[in-house]
Amino acid sequence: MSEAANVIAQVALGVMVVLLLPCAYRVLKGPSPADRLQAVETTTTLLIGITVVLALIQASTFVLDVAMALAAFSFVATLAIARYLSEGRVF
Amino acid sequence: MVLREVIGLALVLGGVSFSVVGIIGIVRMPDVYCRIHASGKVSTLGLLGLMTGCAILVPATGLKLLALALFLMITTPVASHAIAAAAYRQGTSHVGAQRDELGGRTVNAPASDQT
């Protein structure tokens, strides 16, 4: 990538990191437990986006393994917590 | 800059702007269900824009990003649906809803609850 493209990618990375703060606000404030669960799930989505931009800046594919593991664990955890919220038990 | 870089950076910036819009919706929407709707923008359009832009700018990451995009397109709607169903079964209130088509019944509710 050229120098200007690198600068733009780093600005995008900064914006994505700043976006984590409103999610933390919703996790802390959210009136219902489903609000908090949904905000945590959005946080992991944003972290996946951050790792994608990081892979773009470093031009390496290895960072994307982190994104894959994060996506898989976030899916399982969200399903488990949602089941716990609706039925009162996980298994 | 080459044309390929311009297209890739436009896609990356589009993904970032969709993420910004979704997060604004998460902060400002009045209801759990509306917030789930807003967070769907972050996970589909925002992440897909970022990943397409990254695959165009750095073509070596294309295969892994394709696998990641397929996995996310399958799992995120399932997770959003699970959160919405959990919120509904907990009796979380709708803001401004005129009527409840489910009427307190959900798919997995026991038969004695159905009127």
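Below, chains carry the letters A, B, ... as their sequence lines are ordered, and counting in each starts from 1.
- Heavy-atom distances place both the backbone and the side chain of B/V42 under 4.5 Å from chain A.
- Only the backbone of A/S60 comes within contact range of chain B, with at least one heavy atom under 4.5 Å from a heavy atom of that chain.
- Interface summary for chain A: among B/V58, B/V16, B/I23, B/V20, the most heavy-atom pairs under 4.5 angstrom belong to B/I23.
- With a threshold of 4.5 angstrom between heavy atoms, B/I83 approaches chain A through its backbone and through its side chain.
- Of residues 70-78 of chain B, those residues with a non-hydrogen atom less than 4.5 Å from any non-hydrogen atom of chain A are, in numerical order, B/F71, B/L72, B/T75, B/T76, B/V78.
- With respect to chain A, the highest number of heavy-atom pairs below 4.5 Å among B/A60, B/S17, B/S39 belongs to B/S39.
- Judged purely by distance below 3.5 Å, without hydrogens or angles, the side chains of A/S2 and B/E5 pair a donor atom with an acceptor atom.
- Neither the backbone nor the side chain of A/A39 comes within less than 4.5 Å of any heavy atom in chain B.
- For chain B, the nearby part of A/V15 is the side chain; its heavy atoms alone come within less than 4.5 Å.
- Proximity to chain B (any heavy atom under 4.5 Å) is shown, for A/M68, by both the backbone and the side chain.
- Residue contact with chain B, scored on non-hydrogen atoms closer than 4.5 Å, involves the backbone and the side chain of A/Q38 alike.
- Among B/L68, B/L13, B/I24, the residue with the largest count of heavy-atom pairs under 4.5 Å with chain A is B/L68.
- Only the side chain of B/L47 has a heavy atom closer than 4.5 Å to any heavy atom of chain A.
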